[in-house]
A.B. asks: 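Input: one structure, supplied below.
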Amino acid sequence: MATALWRNATRLRNVHRCLHARSLSQFRSPIPSLTTIADAFHAPSLPPLRPVVTVGAEFKSLGIYGRYLSNSTTAPNENQEKSSSSSKTNSEETQNTGDSQQSSGAAGKPVRGGPVSWLSFLLLLATGIGIILYYDNLKKRHIEEISNASKAVKEGPSAGKAAIGGPFSLINDEGKRVTEKDFMGKWSLVYFGFTHCPDICPDELQKLAAAIDKIKEKAGIEVVPVFISVDPERDTVEQVHEYVKEFHPKLVGLTGSPEEIKKVARSYRVYYMKTAEEDSDYLVDHSIVMYLMDPKMEFVKFFGKNNDIDSLTDGVIKEIKQHKK
Amino acid sequence: MALETYVSGKRDEVHTDVLLQARQACYKARDAFYSCLENHSDKKPTEIGAVGLLYPTECKRSREEYVKNCRVSWVKHFDRQYCKTKRTQRLLDDKETRRGV
């Protein structure tokens with residue numbers, strides 16, 4: 001072991017001498033010193049070295065590297081010798097800074113094999129590649145898991161349902177009190193609006209009526225259109241009745257007391273607000289959405305103002321077909 | 001029309017002026033008025049409408065028709081919408097006159 005250490009020390013000193021000579025004689029160029037030292041150590045014979053930046057930096061890194069090497073190659077049962085030899089190596093290196101002739105001063109013990117050989121280099125390479133491959137594999141599996149999970153979500157409402165919808169109790173346009181249970185068993189499209197709406201609600205309701213007919217025509221599915229008023233103070237039962245009957249015979253109109261309407265609007269997350277212009281004649285600002293509810297009165301999908309009749313029809317048919325799967 | 005609704009609003013009556021026929025009439029009058037505006041867009045607007053919509057005297061008659069056929073809130077709503085579209089249109093057209101900005 002001591003011989004191994006001695007050979008290491010000798011090599012270090014030789015390298016250091018060469019480097020020092022080079023740096024003294026040649027022009028300094030910005031090449032990282034560690035790589036040159038690594039080159040020097042890994043080759044069994046000392047190849048011609050490139051110039052290094054500063055003597056001080058190179059010397060310090062040499063010292064660190066030398067200590068690392070000597071620590072890694074010595075056996076664990078010779079700690080004391082190791083530390084003493086490494087310190088000896090360092091001290092010998094410090095002594096060699098200015099004087100390059102002192103190399104053979106401490107000659108004596110022969111060294112068997114160097115701390116850094118081709119074998120150790122190969123082992124290092126193998127370990128490194130092994131680690132990289134292992135973590136790469138792990139990462140690939142992780143990414144696959146994530147992409148699979150996200151794909152599964154897209155294929156249906158299995159990611160959990162939106163908390164839209166809920167029980168309500170309102171009066172329909174015939175004056176009868178109805179709850180959400182009366183709409184169960186069939187698909188329904190719910191639209192919130194008010195009868196005094198200038199242009200948007202009429203357009204949307206016309207679209208809704210046409211879509212209902214088209215859905216019946218295309219897929220033979222019965223969808224119940226529902227109109228819920230967000231203006232309970234002006235929309236009485238008769239008002240709603242007169243209003244909805246013009247659009248579609250099956251259009252159900254719902255109204256109620258302001259508290260009931262508030263409850264329904266809250267459960268469907270509908271925004272509505274009176275634009276207080278004058279007391280009698282005002283408009284109600286509201287969100288323009290149609291909610292598709294399944295036969296269990298659970299929310300499936302919503303359709304905004306941007307859909308025209310055909311896209312609404314196709315969207316509803318698609319959702320119904322997918323739901324049935 | 002507006003007066004009628006104000007009076008009848010207190011009673012439990014159907015507001016017929018929001019039903020289909022009334023709506024159609026209102027839309028027609030509204031479109032007539034706006035097309036009049038377009039036709040006479042080069043004339044100087046001297047009259048003023050509900051929400052600050054200016055229009056020339058030539059369109060005064062169609063304006064009256066329009067106001068008669070539609071509810072007050074609807075008139076205001078449509079006028080506001082018209083002004084908004086006009087403004088955005090002007091912005092879009094104006095882009096070409098400003099170069100290198």
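Note on naming: letters A, B, ... go to the chains in the order of the sequence lines (proteins, then strands), and numbering restarts at 1 for each one.
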A.B. asks: Just to verify, what does A:H286 make a ring pair (Phe, Tyr, Trp, His ring centres under 6.0 Å) with, not counting sequence neighbours?
C.D. replies: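 Here the qualifying residues are A:F194.
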
A.B. asks: Side chain, backbone, both or neither: which part of A:D235 has a heavy atom under 4.5 Å from chain B?
C.D. replies: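 Neither the backbone nor the side chain of A:D235 comes within 4.5 Å of chain B.
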
A.B. asks: So, for A:V223 and A:L189, which heavy atoms are closest and what is the spacing to 0.1 Å?
C.D. replies: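 It is CG1-N, 4.0 Å.
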
A.B. asks: Can a cation-pi geometry be assigned to B:R63 and B:F33, taking NZ or CZ under 6.0 Å from the six-membered ring centre and within 45° of the ring axis?
C.D. replies: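 B:R63 over B:F33 ring: yes.
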
A.B. asks: A quick test of your reading: do over 12 heavy atoms of other residues, nucleotides or ligands sit less than 6.0 Å from NZ of A:K262?
C.D. replies: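 No - once you tally the heavy atoms of other residues, nucleotides and ligands closer than 6.0 Å, there are 12 at most.
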
A.B. asks: So which bits of residues 290-318 of chain A come within less than 4.5 Å of chain B, counting non-hydrogen atoms only?
C.D. replies: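 The residues closer than 4.5 Å to chain B amount to none at all.
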
A.B. asks: Measure the acute angle between the ring planes of B:Y34 and B:Y82, then classify it against the limits of 30° and 60° as parallel, tilted or perpendicular.
C.D. replies: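 Rings of B:Y34 and B:Y82: parallel, as their planes differ by under 30°.
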
A.B. asks: Within a reach of under 6.0 Å around CZ of B:R61, are more than 12 heavy atoms found that belong to other residues, nucleotides or ligands?
C.D. replies: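 No, not enclosed.
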
